Amino acid sequence: MDEAFWDTMYREKDRKWSGNPNPTLVAEVSGLRPGTALDVGCGEGADAIWLAGRGWRVTGVDVSSVALDRAKQHSTEVEWLHLDLAKEPVPGTYDLVSAQYVHFQPKEDMLELHRRIAEAVAPGGTLLIVGHDPQEAHRHAADKPDIPHDIFFGADTLTSLLAQNEWTIEVAETRTLDRPDHRMYDFVFKASRRSA
Ligand SMILES: C[S@@+](CC[C@H](N)C(=O)[O-])C[C@H]1O[C@@H](n2cnc3c(N)ncnc32)[C@H](O)[C@@H]1O
């Protein structure tokens, strides 16, 4: 699942841009004091733009230039960067690092991205990773038979990437999200890095 895969996905996507941020981002970040933020796999940019509107200094990173070209049309306030974070280093440290629904294969690369983005959280900062819960695997396999299924992660995987003495895990749970036509299950992981 490389840049070409994601570019094709965005080109084929005929849905109109909603501009709405992910609800879990809104719920988990609204109480935090704004600082610097990195939106990993920012796609067309709605989350990054929402953060910027609340006083965060935001960098949005994505491997897809098609997605980023669209994001740039919606905001010049966010710094948009074209990077593959499974292969390239994260440029800096941030008070908030958020990754919303960033799943891909090979799984080792996805976990490498998780490791790198956790490292990019500044002391005292917050890591927020939201993904489709592993129990979505069956629906995913039925709806998207062409896309690999081994793209899920849960609490054990994410916790194992963090040095225990540096982090406080605040949330590691499955949440339901009701869409008009079906119920979705999300996995929400939020951890704060202890101050040095
Ligand atoms: C399912 S989309 C989610 C987009 C957005 N976060 C949202 O919630 O709407 C996953 C995004 O991750 C990006 N992505 C996948 N692998 C990546 C990587 N290695 N480095 C940076 N971005 C990546 C894709 O291009 C895509 O925009």
Side-chain angles (χ1 to χ4, degrees), residues 1-29 37-53 56 58-75 78-92 94 96-120 127-134 136-137 139-140 143-144 146-153 158 161 175 177 179 184-190:
M1 296 165 96
D2 55 5
E3 176 167 5
F5 171 91
W6 292 106
D7 280 349
T8 304
M9 187 201 83
Y10 280 107
R11 282 199 194 96
E12 286 172 353
K13 213 170 159 188
D14 51 3
R15 253 187 309 139
K16 202 167 174 292
W17 193 73
S18 78
N20 296 328
N22 282 300
T24 309
L25 175 82
V26 174
E28 296 299 332
V29 167
L38 177 71
D39 183 10
V40 176
C42 62
E44 295 165 297
D47 283 356
I49 294 168
W50 179 84
L51 286 165
W56 292 85
V58 190
T59 300
V61 168
D62 206 283
V63 71
S64 165
S65 49
V66 174
L68 284 175
D69 285 347
R70 293 183 189 167
K72 284 175 193 163
Q73 289 171 21
H74 297 296
S75 173
V78 172
E79 176 188 39
W80 304 108
L81 296 180
H82 183 218
L83 292 172
D84 178 345
L85 288 183
K87 308 223 159 67
E88 295 168 277
V90 181
Y94 303 85
L96 170 68
V97 174
S98 166
Q100 304 279 323
Y101 306 103
V102 182
H103 297 263
F104 60 92
Q105 277 222 320
K107 200 160 188 175
E108 306 80 68
D109 285 5
M110 185 174 67
L111 298 182
E112 180 58 26
L113 175 141
H114 287 143
R115 209 172 283 117
R116 286 172 188 218
I117 67 173
E119 271 308 302
L127 174 67
L128 178 64
I129 299 178
V130 179
H132 301 295
D133 190 84
E136 291 272 340
R139 196 165 62 78
H140 177 90
D143 290 355
K144 299 177 183 161
D146 306 339
I147 297 182
H149 309 316
D150 189 19
I151 55 169
F152 297 90
F153 46 82
L158 295 179
L161 302 175
R175 290 188 191 163
L177 205 64
R179 300 274 179 189
M184 266 174 67
Y185 295 89
D186 277 359
F187 178 67
V188 181
F189 186 84
K190 184 183 184 186

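Counting starts at 1 for both ligands and their atoms, in listed order. Computation of the quantities below employed the complete heavy-atom set of this structure, encompassing side-chain atoms and omitting hydrogens, waters and symmetry-equivalent molecules. Note that the structure is predicted; figures quoted are calculated from it, not measured.
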With sequence neighbours excluded, residues passing salt bridge (Lys or Arg N to Asp or Glu O under 4.0 Å) with [X]:
X    : answer
E136 : R139
D84  : K87
E112 : R115, R116

Next on the checklist: In the structure I gave you, are the side-chain heavy atoms of V130 and Y101 within less than 4.5 Å of one another anywhere?
Outcome noted: yes
Checklist entry - Once you round to the nearest 0.5 Å, how far does CG of D39 lie from CG of D47? => result 5.0 Å
Next on the checklist: Are H132 and F152 an aromatic pair, judged by ring center distance below 6.0 Å?
Outcome noted: no
Please tabulate, line by line, the atom pairs linking an N/O of ligand 1 to a protein N/O at a distance below 3.5 Å, with the distance in Å to 0.1, or answer 'none'.
from	atom 1	to	atom 2	distance (Å)
ligand 1	6 (N)	G41	O	2.7
ligand 1	6 (N)	Q100	O	2.8
ligand 1	8 (O)	N22	ND2	2.9
ligand 1	8 (O)	Q100	O	3.4
ligand 1	19 (N)	D84	OD1	2.8
ligand 1	20 (N)	L85	N	3.0
ligand 1	22 (N)	V63	N	3.2
ligand 1	25 (O)	D62	OD1	2.5
ligand 1	27 (O)	Y10	OH	2.5
ligand 1	27 (O)	D62	OD1	3.3
ligand 1	27 (O)	D62	OD2	2.6

